[in-house]
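As structure tokens, the structure follows; a few thoughts come after it.
Chain letters run A, B, ... following the sequence lines, proteins first and then strands; every chain starts at 1.
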2 protein chains.
Amino acid sequence: MELVTTRADSLFNDLRQRIVEGQIPMATKLSEPELAAHYEVSRSTLRDALSRLEGIGLLERKANVGYRVISLSTAQLLEIFQVREALEGMACRLAASNMTPDEIQRLRQLLQIHQSNSLLQQGEAYMQQEGDLDFHYQIVLGSHNQQLIRMLTEELYYLVRMYRYQFGMASPRAKRAFSEHQHIIDAIADGDGELAEILMRRHIAASRKNVEQRIAVNATTQEQA
Amino acid sequence: MELVTTRADSLFNDLRQRIVEGQIPMATKLSEPELAAHYEVSRSTLRDALSRLEGIGLLERKANVGYRVISLSTAQLLEIFQVREALEGMACRLAASNMTPDEIQRLRQLLQIHQSNSLLQQGEAYMQQEGDLDFHYQIVLGSHNQQLIRMLTEELYYLVRMYRYQFGMASPRAKRAFSEHQHIIDAIADGDGELAEILMRRHIAASRKNVEQRIAVNATTQEQA
DNA sequence: AGCCATTATTTTGTCGACAATTTTAATATT
DNA sequence: AATATTAAAATTGTCGACAAAATAATGGCT
């Protein structure tokens, strides 16, 4: 993607990964002197990286207090699903108009790979999750809408991955998801943007409801404990 | 909104306004030494502000080269309309479920003020434009979805305002827009999220088509010149 | 003259230090 | 013992300076 050149760049990438993967837990207050010492860079360089992490929504900043890793509640996870439903629905509609035959071809291949992979390594829910995001990623790119692409791939998807890593919501809907993906591709290939959007919105809404249910169950069992 | 405290904060706010209003033209390369001297701050403070401006999408940065004001083409303006259609459509749907009676009341008052204002100062297209954005702004807040609110009010709306200032696309649809706004409020008040979303999407799509047409006309007249 | 290589100059990236603010600790008071 | 006040420590905000990189200028060559 973007070539890493400066110290701040690689720091940005490294911290981003550590935050997404939860090695730096949510809501952690970041100490600039401590982090700078750990990475053996000056505070200027560190702060450059930190402000960029704030820009993509992974950090919050309070004047005269400092940076803190965001802390996502389950309520906010559901909010993210609603945003995704809107944005990816539109992306799908646009993809039906704008994807090249070549892009559609590659999308089909991607789905086949995921399918065969999931048959082999059943239970590897993690792989399925990343694959799922790949699929969505390709459609978003296929929208050819730079604003849309930026919002999703450079901001929202980091939050999504952060959730998946830290809450480990492995979907039990894998099989159904594949079938839904298939139908979405077909609609895109037909150039039927309206249908493609509807199918994508349903697909994401179904995931949201699934998570919603799981949260409700969790809350219940925790009450009993 | 957020209280200004640090030098970098006020710099951020001032530069943001100057960029949005076009006092610093699109695509301008920013010289850090020059800007720092002009504002009488150190480069550290300036860079803090600049990186935040990058975060909200008003500046672009290239490693070892520096910051540059973004440059929006008319094609990208249309892209923004598509994103708004998706996001504000969803915001409207959510607003129908989540707005309090108080918020709906204030929204109605807002529309009345705009209507009487526009009757008095006809031709003041600029006022209408800002009023229009206010209306949309209130609905977005009414969604009570923090992610959605952030994306629109802290990022996309700056681009929208930047366009309006610099391209001065005064809408000739003012009268129709008022009527559309009225219907949207009614749907929200009825708690009919599905209808509210459809109406908002049509409303924004109509604006987009309007701009699209104008661009086509402009292109034609320029060919003739 | 036009183009390429080399040198100067400017600009960005990075560093360490001090000032202003916040947070923590200690002390006094009820 | 708990709270309020004050003092100490640590943290963030800001500054100026140097190093590395990119841009501009100079000079040599065909």
Side-chain angles (χ1 to χ4, degrees), chain A residues 1-19 23-71 150 154, chain B residues 1-19 23-71 150 154:
Chain A
M1 201 71 57
E2 73 238 357
L3 202 54
V4 175
T5 52
T6 70
R7 263 170 252 256
D9 269 330
S10 46
L11 237 181
F12 170 69
N13 287 325
D14 192 62
L15 284 171
R16 186 182 61 196
Q17 182 174 357
R18 286 182 62 194
I19 291 169
Q23 291 169 29
I24 304 176
M26 296 199 303
T28 303
K29 168 71 168 57
L30 300 182
S31 160
E32 293 181 11
E34 190 182 320
L35 266 181
H38 179 272
Y39 280 102
E40 295 180 332
V41 295
S42 71
R43 274 181 59 223
S44 309
T45 303
L46 173 69
R47 281 162 69 90
D48 190 337
L50 293 183
S51 74
R52 275 192 263 173
L53 289 167
E54 185 194 8
I56 64 171
L58 291 181
L59 297 183
E60 288 173 339
R61 184 186 187 183
K62 219 168 125 185
N64 292 313
V65 173
Y67 292 95
R68 177 181 296 280
V69 178
I70 56 156
S71 155
R150 189 175 111 96
E154 290 177 26
Chain B
M1 198 67 63
E2 73 239 355
L3 202 54
V4 175
T5 53
T6 70
R7 264 170 252 257
D9 269 329
S10 44
L11 237 181
F12 170 70
N13 287 324
D14 193 62
L15 284 171
R16 186 181 60 197
Q17 183 175 357
R18 286 182 63 193
I19 292 169
Q23 291 170 28
I24 303 176
M26 296 197 306
T28 304
K29 168 71 166 56
L30 300 182
S31 160
E32 293 182 11
E34 190 182 320
L35 267 181
H38 178 273
Y39 280 102
E40 295 180 331
V41 296
S42 71
R43 274 181 58 223
S44 310
T45 303
L46 174 70
R47 280 164 69 92
D48 189 337
L50 294 182
S51 75
R52 275 191 263 172
L53 289 167
E54 185 194 9
I56 64 171
L58 291 182
L59 296 182
E60 288 172 339
R61 185 186 187 182
K62 219 169 124 185
N64 292 314
V65 174
Y67 292 95
R68 177 180 298 279
V69 178
I70 56 156
S71 153
R150 188 176 111 95
E154 291 177 26

Take the protein atom [atom1] of [X] and the nucleotide atom [atom2] of [N], then report the distance between them rounded to whole Å.
X       : N      : atom1 : atom2 : result
A:Asn64 : C:dT22 : CG    : P     : 5 Å
B:Arg43 : C:dC15 : CZ    : P     : 14 Å
B:Phe12 : D:dG13 : CZ    : P     : 15 Å
A:Glu32 : C:dC15 : CD    : P     : 14 Å
B:Leu50 : C:dG13 : CG    : P     : 11 Å
A:Arg68 : D:dT11 : CZ    : P     : 14 Å
A:Glu34 : D:dA10 : CD    : P     : 13 Å
A:Asp9  : D:dA21 : CG    : P     : 13 Å

Checklist entry - What heavy-atom pair brings A:Thr45 and A:Ala8 nearest, and what distance separates the two atoms? => result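 Result for this residue pair: CG2-N, 3.7 Å.
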Checklist entry - Looking only at heavy atoms, what is the nearest atom pair of B:Met26 and B:Ser71, with distance? => result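 Heavy atoms only, the tightest pair is CB-CA, 4.1 Å.
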How is [X] classified with respect to the nucleic acid when contacts are heavy atoms under 4.0 Å: base, sugar-phosphate, or nothing?
X       : result
B:Leu35 : nothing
A:Arg47 : base
B:Leu30 : sugar-phosphate

Next on the checklist: At less than 4.0 Å, is any side-chain N or O atom of A:Ser42 found next to OP1 or OP2 of C:dT14? Yes or no.
Outcome noted: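 Indeed not, no polar side-chain atom of A:Ser42 lies that close.
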Item to check | Those residues of residues 52-61 of chain B lying under 4.0 Å from DNA chain C by at least one heavy atom | outcome: B:Arg61
Checklist entry - Which nucleotide, C:dT22, C:dT14, D:dC15, lies nearest any side-chain atom of A:Val65? => result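 Among C:dT22, C:dT14, D:dC15, the one nearest the side chain of A:Val65 is C:dT22.
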Checklist entry - Where the side chain of B:Thr45 is concerned, which of D:dT11, D:dC15, C:dT23 is the nearest nucleotide? => result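 From the listed options, D:dC15 comes nearest.
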Checklist entry - With respect to A:Leu59, which candidate in A:Ile24, A:Leu15, A:Leu30 satisfies the side chain to side chain contact (heavy atoms under 4.5 Å, CB included) definition? => result A:Leu30
Next on the checklist: Judged by each residue's nearest nucleotide on DNA chain C, which is more toward the 5′ side, A:Ser44 or A:Lys62?
Outcome noted: A:Ser44
Checklist outcome for this item: Taken to the nearest 0.5 Å, the spacing of B:Arg150 CZ from B:Ile56 CD1 works out to 11.0 Å
Next on the checklist: Closer than 3.5 angstrom, by distance alone: can the side chain of A:Lys62 be matched with the main-chain N or O of A:Arg68 as a donor-acceptor pair?
Outcome noted: no
Next on the checklist: Please check if the number of heavy atoms outside B:Glu34 that lie under 6.0 Å from its CD is greater than 12.
Outcome noted: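 Check fails, neighbour count at 12 or below.
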Next on the checklist: Let me spell it out: for each of B:Asp48 and A:Arg7, pick the nucleotide of DNA chain D with the closest heavy atom. Which residue's pick is nearer the 5' end?
Outcome noted: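 It is B:Asp48 whose nearest nucleotide is closer to the 5' end.
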Next on the checklist: Do B:Arg7 and B:Asp48 make a side-chain contact, defined as non-hydrogen atoms from C-beta onward lying under 4.5 Å apart?
Outcome noted: no
